[in-house]
Number of protein chains: 2
Amino acid sequence: MAILERIHLAIIREVERQGSLTAAAAQLNLTQSALSHAIAKLEDQIGVKIWRREGRSLQPTQPGAFLLAAANRLLPQFAHAEERLRQFAKGERGTLRIGMECHPCYQWLLKIVAPYLDNWPKVEVDVRQKFQFGGIGALFGYEIDMLVTPDPLHKPGLRFTPVFDYEQVLVVGPEHPLCGADFVLPHELAEETLITYPVPADRLDIYTQFLTPAGISPRQHKPIETTDIMLLMVAHGRGVAALPRWLVEENAAKFNVSPVRLGRDGVAKQIFLGLREADADIDYMRAFIELASTRRVEATPRPT
Amino acid sequence: MAILERIHLAIIREVERQGSLTAAAAQLNLTQSALSHAIAKLEDQIGVKIWRREGRSLQPTQPGAFLLAAANRLLPQFAHAEERLRQFAKGERGTLRIGMECHPCYQWLLKIVAPYLDNWPKVEVDVRQKFQFGGIGALFGYEIDMLVTPDPLHKPGLRFTPVFDYEQVLVVGPEHPLCGADFVLPHELAEETLITYPVPADRLDIYTQFLTPAGISPRQHKPIETTDIMLLMVAHGRGVAALPRWLVEENAAKFNVSPVRLGRDGVAKQIFLGLREADADIDYMRAFIELASTRRVEATPRPT
DNA sequence: CTCCGTGCGTGAATAAAATTCATCGAATTA
DNA sequence: TAATTCGATGAATTTTATTCACGCACGGAG
């Protein structure tokens, strides 16, 4: 009845990675012959070829590509399940895999995770930042168990809890004309170089909530990966950036940068923790959210 | 290295379903002894018990429950993968699994699917309506390949295309005082019995876009599963309902019901088709969306 | 062009595993 | 309390996976 097994998926994935049966076999601690037999049997039973044998190289056929996608989706879940079971065996509670969709939140997260690890010595924490299908997809696809994101999604199956409010502000260097200003209006950025994290513009609040509504684009847009470099660039007059006020204030002395309110009323933001509804009752998950919620005060900037 | 196999998940799921090893064994075409050995080996290798043997009954332990959840998630994907491979073998293109989050769209869908099946004789179509984690979750979890929904979600990994616009209207019976009225205002429904599909109020447009903003609740709220019964109830003065105008007009003669605009401007709605971005280039998927888009005219009611 | 290295497929042999058979003890029920 | 049902266990057996040995085809080097 059942013909497709875990080993088949493992072979298909490994052959793709290594480029040849022989190399894949070595990786899987098997002989080339074993793989050949295994695949031959599978191809025979379902009546479909997995690869096109073009001379020496193996090109996945359509069914092969389909299986490859399935393998890349399913095998990590097997691996994680086994890992989790081993943790159960050792008396550990599990691994909380946290996904981040909010670059500057990393520093905030560290402040939550530190006491959490003390309170829950038997829980491991793992933080991930790259997801093929976005944070929501990673949550649904069991790549992660919790998501830190500024944009929640109240849908059946997921639950989001706001954990802190903050104000998004413009950061400028000491020589910048806006340094010390009460606030900045969109058109004042029309000739600026805007430094942001490397994500699409429609995921950046300074566009969606500030520039785009006013129909303004900055003169130049520079993507930078790390917050430190970003602040360094701003401090040395290479452009301006938009970051949470608390982050700017924490780094004000170190980098010599100043916050400026975005617009008269400021741009208010919230960070949410999301998890699968099915996990909502797990004690160590609840505890994390609770801890994150109570630390909210420390991270809150002055009210707008 | 790899210890957790498909068979283990199958056993765990089947034991849960059947309540006993013996019954599960019969279901899986194995002997009770085989299952016992298989599980004993697994428990031995990972060092964890799957069930608590309380006298005769088997209660899943915490790891057991975890594996059960994994089984319920993973096994259907194996089954579907095999099914899909068999279809490849037969020269078929695959099965388009369509999920519905929009009760009255069923009739519309039939009109799209009929010509589609003719154009793509090698593609099977399967329509599903129940999802544990909502339509979006089903899409991410590979339970379905396409989602028909009035509320889209533009997120990385998913793509939504609007396929038709319609007007949501109130439906009333021939004896109803509102019959023939130009439009209805929220307070006029305060003493009515409102018939809807059995979904939460925050998913019903008549609440979110009409009643709730005005702070009105109907006197009574009756959930009904099927459109026909709903129209029958309305026609016989048992209440009013909210449905797409095109649906009402199609059934006006058959059931003797009339549409009434909701508010002065009417309530405008759109239906979207959603799919995983990874599938966006598959020809028979594109074709379905194209077909659905071109049929848009027929379903469009008079403009508001 | 030919030789040689390398990679894949195949059949027989072997090793490993899964499954069954036979049996027992414990728990449930009549 | 006897009869019955269910799960565990060890040995026997069957099935399956893997290896070994070998042949063939492709492609690069000489």
Side-chain angles (χ1 to χ4, degrees), chain A residues 1-61 63-65 67-68 71 75 78 82, chain B residues 1-61 63-65 67-68 71 75 78 82:
Chain A
M1 198 88 276
I3 55 191
L4 187 61
E5 293 294 334
R6 181 179 176 179
I7 185 70
H8 297 123
L9 299 179
I11 293 173
I12 288 165
R13 181 177 69 172
E14 204 57 44
V15 167
E16 174 72 14
R17 285 182 180 170
Q18 305 290 334
S20 83
L21 275 195
T22 311
Q27 203 65 30
L28 296 170
N29 293 315
L30 287 171
T31 59
Q32 170 270 319
S33 180
L35 295 216
S36 193
H37 280 297
I39 293 296
K41 184 173 179 185
L42 178 66
E43 290 184 330
D44 198 52
Q45 285 182 320
I46 58 180
V48 155
K49 291 286 172 205
I50 309 290
W51 298 290
R52 217 183 311 285
R53 274 83 166 173
E54 283 169 355
R56 185 145 247 158
S57 73
L58 297 178
Q59 282 300 318
T61 61
L67 280 176
L68 182 59
L75 289 174
F78 272 94
E82 284 185 353
Chain B
M1 197 91 279
I3 54 192
L4 187 62
E5 294 293 335
R6 181 179 176 179
I7 185 70
H8 297 123
L9 299 180
I11 292 172
I12 288 165
R13 182 177 66 172
E14 204 57 42
V15 167
E16 174 71 13
R17 285 181 180 169
Q18 304 290 333
S20 84
L21 274 195
T22 310
Q27 203 64 32
L28 295 169
N29 292 317
L30 288 170
T31 61
Q32 169 270 320
S33 179
L35 295 216
S36 192
H37 280 296
I39 294 295
K41 184 172 179 185
L42 178 66
E43 290 184 330
D44 196 54
Q45 285 181 321
I46 59 180
V48 155
K49 291 288 173 203
I50 309 290
W51 298 289
R52 217 182 312 284
R53 273 84 166 175
E54 284 168 356
R56 183 152 246 154
S57 73
L58 299 176
Q59 283 300 318
T61 60
L67 280 176
L68 182 58
L75 290 174
F78 272 94
E82 284 184 354

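Convention: sequence-line order gives letters A, B, ...; per-chain numbering from 1.
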* Structure fact -> His37(B) has its side chain closest, among dT19(C), dG9(C), dG7(C), to dT19(C)

* Asked: Roughly, in whole Å, what's the span from CG in Leu21(B) to P in dA26(C)?
  -> 18 Å

* Asked: Which nucleotide sits closest to the side chain of Leu30(B): dT19(C), dG7(D), dG9(C)?
  -> dT19(C)

* Asked: Roughly how far, to the nearest 0.5 Å, is CH2 of Trp51(A) from CD1 of Ile39(A)?
  -> 4.0 Å

* Structure fact -> Against the side chain of Gln32(A), the closest entry in dC8(C), dA17(D), dG11(C) is dC8(C)

* Tell me: CZ of Arg6(A) to P of dA18(C), nearest whole Å? -> 13 Å

* **Phosphate contact (dG9(C) OP1 or OP2) by Arg53(A) side-chain N/O below 4.0 Å** => yes

* Asked: Atom CD of Glu43(A) and atom P of dC8(C): how far apart are they, to the nearest Å?
  -> 13 Å

* N/O donor-acceptor pair, side chain Thr22(A) with base dT6(C), under 3.5 angstrom -> no

* Asked: Any idea which of dA17(C), dG7(D), dC8(C) is nearest the Lys41(B) side chain?
  -> dA17(C)

* Structure fact -> Rounding to 0.5 Å, atoms CZ (Arg13(B)) and CG (Leu67(B)) come to a distance of 13.5 Å

* Please figure out whether Glu5(A) or Ser33(A) has its closest DNA chain D nucleotide nearer the 5' end. => Glu5(A)

* Asked: Rounding to a whole Å, what distance do you find between Leu35(A):CG and dT16(D):P?
  -> 19 Å

* Name the nucleic acid region contacted by Ser36(B), choosing base, sugar-phosphate or nothing; use a 4.0 angstrom heavy-atom cut-off, strictly under. => base

* Could you state the atom-to-atom distance from CD of Gln59(B) to P of dG7(D) in whole Å? => 13 Å

* Write down the atom of Arg52(A), the atom of Pro60(A), and the distance for their closest heavy-atom approach. => NH2-O, 4.0 Å

